[in-house]
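Report on the structure given below.
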Amino acid sequence: MKYIIIFLALSCSNLSPINSAIVLPIFDSKFVCTEHYAGQMTELGDALGTDCFYQSFVEEDGRKWLRSYKNKGHNNQDWFGWQKNVLSPISGEVVRINLNEVVNNPGVMGKGMASFVILKRGDGLFVLLAHLRELKVAVGDTVQAGQVLGLVGNNGQSWHPHIHIGAWKNKKPLQIRFDQEAMAKLIKN
């Protein structure tokens with residue numbers, strides 16, 4: 001055991017630290033996220049990005065499981081996040097929007113660029129949220145953290161309903177970290 005810890009310390013000492021952006025939660029309910037590892041994707045907004053999914057308990061055979069969908073998940077409506085509100089993780093200006101009206105079927109990768117919103121905070125932080133539908137904002141709008149930007153969708157290069165979030169500053173990708181105290185307040189309410 002002692003040798004494993006020393007090896008890990010030595011192998012990790014060569015890694016460069018990755019800067020992060022702490023943002024507010026994008027959903028007002030339980031959710032989980034998977035992260036894009038360094039180098040997996042290179043475009044700003046994708047690099048070090050995070051894919052987030054609503055979660056709910058599903059009971060099967062007297063046991064409860066935290067899941068992202070009910071039934072087999074073959075329909076968008078089976079996914080707990082489908083058409084739920086997406087909250088702005090920062091206060092700032094809407095600087096770019098892309099719309100993709102095509103709705104993907106779960107389990108089938110869609111094509112083209114997703115519907116997305118790019119926000120810019122006063123300190124130069126950019127945040128992209130992708131795979132939305134029914135956007136509630138327009139380019140030039142000033143939004144407040146927690147304001148509804150649109151609904152969870154399934155469009156562009158997506159397998160199922162979720163929201164992708166990415167951040168960068170000075171053209172350098174940042175790892176997303178959600179403010180855990182703000183998340184606790186949302187869940188309690």
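Heavy-atom basis, side chains included; hydrogens, waters and symmetry copies ignored.
- Pairs engaging residues 19-29 under the side-chain hydrogen bond (donor to acceptor under 3.5 Å, both in side chains) rule: Asp28-Tyr54 [sequence neighbours left out].
- If you look at Phe178 and Phe31, their ring centroids are closer than 6.0 Å.
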Problem - Trace of the side-chain contact (heavy atoms from CB on, under 4.5 Å) decision for Val86 with Leu151 - result: CA-CA 5 Å; Val86 178; Leu151 306 179; 5.6 Å; no
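- Taking NE2 from His36 and OG1 from Thr42, the interatomic distance works out to 12.0 Å, rounded to the nearest 0.5 Å.
- The shortest non-hydrogen separation linking Asp78 to Gly73 is OD2-N, 3.5 Å.
- Considering all non-hydrogen atoms of both residues, Ser88 and Gln144 come closest at CB-O, 3.6 Å.
- Checking side-chain atoms of Asn76 against main-chain N and O of Asn104 turns up a donor-acceptor pair under 3.5 Å.
- Scored by the side-chain contact (heavy atoms from CB on, under 4.5 Å) test, Leu24 finds Ala145, Asp179, Ala182 as partners (sequence neighbours excluded).
- Partner of Cys52 under the side chain to side chain contact (heavy atoms under 4.5 Å, CB included) criterion, chosen from Leu129, Thr34, Ile26: Ile26.
- Contact of the Trp168 side chain with the Leu128 side chain is registered, since non-hydrogen atoms from C-beta on lie closer than 4.5 Å.
- Grouping the Ile, Leu, Val, Met, Phe, Trp and Tyr side chains by contacts below 4.5 angstrom, directly or via other members, places Leu48 apart from Val127.
- Partner Leu135 forms a side chain to side chain contact (heavy atoms under 4.5 Å, CB included) with one of Val94, Leu149, Leu99, Asn98 and no other, that one being Leu99.
- Heavy atoms from other residues, nucleotides or ligands lying under 6.0 Å from CD1 of Ile22 number 12 at most.
- The hydrophobic cluster containing Val32, built from Ile/Leu/Val/Met/Phe/Trp/Tyr side-chain heavy atoms closer than 4.5 Å, also comprises Phe53.
- Residues forming a ring pair (Phe, Tyr, Trp, His ring centres under 6.0 Å) with Trp79 (at least two apart in sequence, or on another chain): Tyr69, His160.
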Handout entry: Step-by-step side-chain contact (heavy atoms from CB on, under 4.5 Å) determination, Lys171 to Leu44
Key = CA-CA 7 Å; Lys171 297 187 180 182; Leu44 286 177; 4.2 Å; yes
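- In this structure, Phe126 is not a member of the same hydrophobic cluster as Val137, with clusters built from ILVMFWY side-chain heavy atoms closer than 4.5 Å.
- For the pair His164 (side chain) and Gly45 (backbone), a donor-acceptor distance under 3.5 Å is present.
- Under the 4.5 Å side-chain criterion, counting only non-hydrogen atoms from C-beta, Pro106 is not in contact with His74.
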Exercise for the section: Decide yes or no on side-chain contact (heavy atoms from CB on, under 4.5 Å) for Gln55 and Phe80, but give the supporting numbers first. Expected result: CA-CA 7 Å; Gln55 294 276 279; Phe80 296 118; over 6 Å; no
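- Leu87 contributes atom CG, which lies 6.5 Å from atom CG of Asn85 (distance to the nearest 0.5 angstrom).
- Put simply, the side chain of Asn154 does not reach to within 4.5 Å of the side chain of Arg133, judged on heavy atoms.
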Handout entry: Full working for side-chain contact (heavy atoms from CB on, under 4.5 Å) between Leu174 and Lys169
Key = CA-CA 7 Å; Leu174 302 170; Lys169 190 172 185 180; 4.0 Å; yes
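- The shortest distance between side-chain heavy atoms of Lys84 and Phe27 does not fall below 4.5 Å.
- In this view, Glu59 and Lys64 satisfy the side-chain contact (heavy atoms from CB on, under 4.5 Å) rule, not counting sequence neighbours.
- Around CD of Gln77, the count of heavy atoms belonging to other residues, nucleotides or ligands within 6.0 Å exceeds 12.
- To the nearest 0.5 Å, atom NE2 of residue His131 and atom CD1 of residue Ile165 are 12.0 Å apart.
- Using a 4.5 Å heavy-atom cutoff, the side chains of Gln83 and Glu134 are in contact.
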Throw together a table of side-chain donor-acceptor distances under 3.5 angstrom for residues 107-125, partners on residues two or more places apart or in other chains.
unit_1, atom_1, unit_2, atom_2, d
Ser115, OG, Asn100, N, 2.7
Ser115, OG, Asn100, O, 3.1
Arg121, NE, Asp123, OD1, 3.1
Arg121, NE, Asp123, OD2, 3.4
Arg121, NH2, Asp123, OD2, 2.9
Asp123, OD1, Leu125, N, 3.1

